[in-house]
Amino acid sequence: MRAKTHLTVLLQRHLAAMNLPWPAKAAIEAPREKSFGDLAANVALLLGKEAGKSPRDLAEVLALSLRNDRAVSSATIAGPGFINVTFSPAFWQETIGQVEEAPETFGSSHVGSGKKVQVEYVSANPTGPLHIGHGRGAAVGDSLVRLLRFAGYTVRTEYYINDAGRQMRLLGLSVWLRVRELAGQNVAWPEDWYRGEYIIDIAKKMLAEDPALAALPDEQGVDRCFEHAMQSILDGIKKDLADFRVEHEVWFSERGLVAGGAVEKAFERLHAAGYSYERDGALWFRTTAFGDDKDRVLRKSDGSLTYFASDIAYHNDKFNRGFDHLVDIWGADHHGYVPRMRAAIAALGKDPQQFDVILVQLVNLLKGGEQIAMSTRAGQFETLADVMTEVGADASRFMFLSRKSDSHLDFDLELVKQRSLDNPVYYVQYAHARICAVLRKAGERGVFLPPRTDESSWALLAQDAELKLMRQMDRFEDVVESAALNLAPHHISHYLMETAGELHSYYAAHQVLGAGDDALTRARLGLLRSAGTVIARGLSLLGVTAPDSM
RNA sequence: GCGCUGGUAGCUCAGCUGGAUAGAGCAACAGGCUACGAACCUGUAGGUCCGGGGUUCGAAUCCCUGCCAGCGCGCCA
């Protein structure tokens, strides 16, 4: 980032001196091949086009003035209007100093400029334990939150509890029937019911606490069971998320929202704006006015609310809480719901641009290549908690975050469990542990690291592998920024893979403790320490630990 | 039928707000520990970026169209 910024500033200054504007589509690119130099700019090409001058002449002039800059070691013309720029070793060496001076904040950015963002994620119905699909949403959401905060946003996190509606009624009924069954009564099972083991556990526990429970009338029994079951399941969800290092600051209840009259308030707004009408005894929302293919029901003819109705009220409430931007993380199977929600937001007089949905694709859970089917209602699934105990939070988080969220993900328990190369988290963690091992060994041998701000020692680091590592470190802020702006935490894991690669290459090519020169050894120790800092910082954005040893 | 998402190396995937010669890991092949951690490194091989049009100095990336795959189209949540 520093390199890109520096080159941009330089070019702008030289162009201004020549009375030329900064072209609108200027692109400064990181190199793909060594021969391209450190950075390439297409400024001359674009300017030539815009100002009607020869790109080659412009490039010549720009390259000439760039060569006069202390930080630039070469600037060459490549192709019509491209300039390849190589920075001097001194320029890259400064990167170490920047990491060393601010190890906690290196790479952080101000693109967020304090904007208030709310991220709502997981929000699974409390009808059963979290499974691995929820885990992916949790990992993506949590990492995004860490990322946005690091990029300068003010972020609040929230879990929306769907504690009203039919599914919850069904949960209460399922537990209630188990209670009666356990009490020796004959029960008839409805078609849709929750048949997981955990339902029986809850029923058993309730019966143990109150043996007279089964004698209650159905209505009361279902209510009691529902309240108890939901609380117990919710407690389990909170524990699972905590074990997965995921936190929600606010747990928002749908029931509370409805009881507070928020739905009626939202209806009034829609009505005042002319977007709702009555038909067939139901209340409708004219979503077709916003491009939806049919209008949607808000209040059913039996007087009860649709899920959509309370969701509209919920998002209205979120906007009214003063957020500049809302991010929802949903399962990809809800994608059809997005246009409807956007329509609602527009109808409420809010800006749909300030609302983003990240769709997280389903996780295909495998065990040694064999697919495991998952269904909450049928009670067959691998819970997130089970996966945690089998493979741990680090490996599963990294796996979830190594692919963009809207692509399918094969999660093979056997593979993730293995400490094999199929499992890149260890490659990155190993790089960090390796650095720590060398620093430890240095201490044992009485070799002391240079002070964090000792610029003169960095000048000794001019090997190719060293400069490449510094250049990679310099990119960190850039990666953070683009990952935050694109709401794409997986960029971080890819960056970490590359960084670890540079570190391992360097490590294999050059001795640190055995460099044969005390000053050089100390300088290299400084480089390792700063590289370790960057890796640890990146891992922390994924919520993955950076172990000192493995 | 309509819509959303995807189609990139043998496999799993990055890259997609247009930039130069399209990348990584795994698998394959050939090498490297008497050196700070070999959970590592070096090298080789591997491509019609699904097909076809278009936009322009330039397209994996944007537009149109066809094919394939997954998902969604309730007064369910």
Side-chain angles (χ1 to χ4, degrees), chain A residues 25-29 31-33 35-36 40-42 45-46 48-49 55 78-82 84 125 127 162 164-168 170 192 254 279-284 292-294 296-311 331-339 359 361-362 364 402-404 406-410 412 415 418-431 433-442 444-445 447 482 485-486 490-491 493-494 497-498 500-501 503-515 521 524-525 528 549-550:
Chain A
K25 291 162 78 183
I28 293 181
E29 300 288 317
R32 296 248 171 76
E33 295 286 333
S35 56
F36 287 169
N42 63 351
L45 175 73
L46 292 169
K49 209 182 159 209
F82 278 84
N84 284 346
N125 287 358
T127 54
N162 296 128
R166 205 179 77 89
Q167 295 302 321
M168 300 313 294
L170 210 51
D192 283 343
E254 180 187 4
R279 193 182 74 201
D280 304 332
L283 180 67
W284 293 74
D292 201 357
D293 52 353
K294 60 180 89 162
R296 307 290 169 175
V297 171
L298 296 169
R299 193 195 296 111
K300 301 178 231 172
S301 48
D302 69 0
S304 65
L305 296 170
T306 60
Y307 175 82
F308 185 38
S310 48
D311 221 13
D333 51 342
H334 289 78
H335 67 255
Y337 197 72
V338 177
L359 295 173
Q361 265 295 355
L362 300 179
N364 197 18
S402 63
R403 283 167 179 71
K404 65 171 179 248
D406 55 2
S407 66
H408 289 271
L409 173 67
D410 284 342
D412 193 316
L415 253 119
Q418 272 174 31
R419 303 193 153 195
S420 76
L421 299 178
D422 294 321
N423 196 355
V425 66
Y426 297 112
Y427 184 77
V428 177
Q429 289 186 319
Y430 182 56
R434 234 179 177 180
I435 289 170
C436 293
V438 177
L439 296 181
R440 264 198 308 274
K441 186 133 288 181
E444 288 164 15
R445 295 190 188 173
V447 181
S482 107
L485 291 174
N486 292 303
H490 72 279
H491 288 324
S493 51
H494 284 270
M497 288 292 290
E498 290 166 18
L503 185 279
H504 287 309
S505 294
Y506 172 54
Y507 182 89
H510 301 286
Q511 281 280 298
V512 175
L513 295 180
T521 291
R524 287 182 171 172
L525 286 171
L528 286 194
S549 63
M550 299 170 64

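In what follows, chains carry the letters A, B, and so on, assigned in the order in which the sequence lines appear, proteins first and then strands, with residues in each chain numbered from 1.
- At whole-Å resolution of the value, OH in A:Tyr427 and C1' in B:rA38 are 13 Å apart.
- One interatomic measurement links the two molecules: OH of A:Tyr337 to P of B:rU5, which rounds to 19 Å at whole-angstrom precision.
- No side-chain donor-acceptor contact under 3.5 Å links A:Thr127 and A:Gln167.
- Using atom P as the reference point in both B:rG15 and B:rG7, the two lie 10 Å apart (nearest Å).
- Across all strands shown, A:His335 has heavy atoms under 4.0 Å from base atoms, whether or not it also approaches the sugar-phosphate.
- Across B:rU17 and B:rC63, the matching P atoms stand 11 Å from one another, rounded to whole Å.
- Judged by distance alone, with hydrogens and angles left aside, A:Ser505 brings no side-chain donor or acceptor close enough to the base of B:rC41 to form a pair under 3.5 Å.
- Rounded to the nearest Å, the gap between the P atom of B:rC57 and that of B:rU65 is 25 Å.
- Side-chain atoms of A:His334 stay outside donor-acceptor range of the base of B:rG72, with no qualifying N/O pair under 3.5 Å.
- Nucleotide B:rC73 forms a pair with B:rG1, judged by Watson-Crick or G-U wobble geometry with both contacts under 3.5 Å.
- In this structure, A:Tyr307 places its OH atom 11 Å from C1' of B:rC76, rounding to the nearest Å.
- Spacing between B:rG66 and B:rA24 at atom C1', rounded to whole Å, works out to 32 Å.
- Rounded to an integer number of Å, the gap from A:Gln361 CD to B:rG7 P is 12 Å.
- Counting only heavy atoms from C-beta outward, the side chains of A:Thr306 and A:Asp311 never approach each other to under 4.5 Å.
- A:Phe308 and A:Tyr337 have perpendicular rings, their planes meeting at more than 60° on a 0 to 90° scale where under 30° would count as parallel.
- Atom C1' of B:rA9 sits at a distance of 13 Å from the matching atom of B:rA14, rounded to the whole Å.
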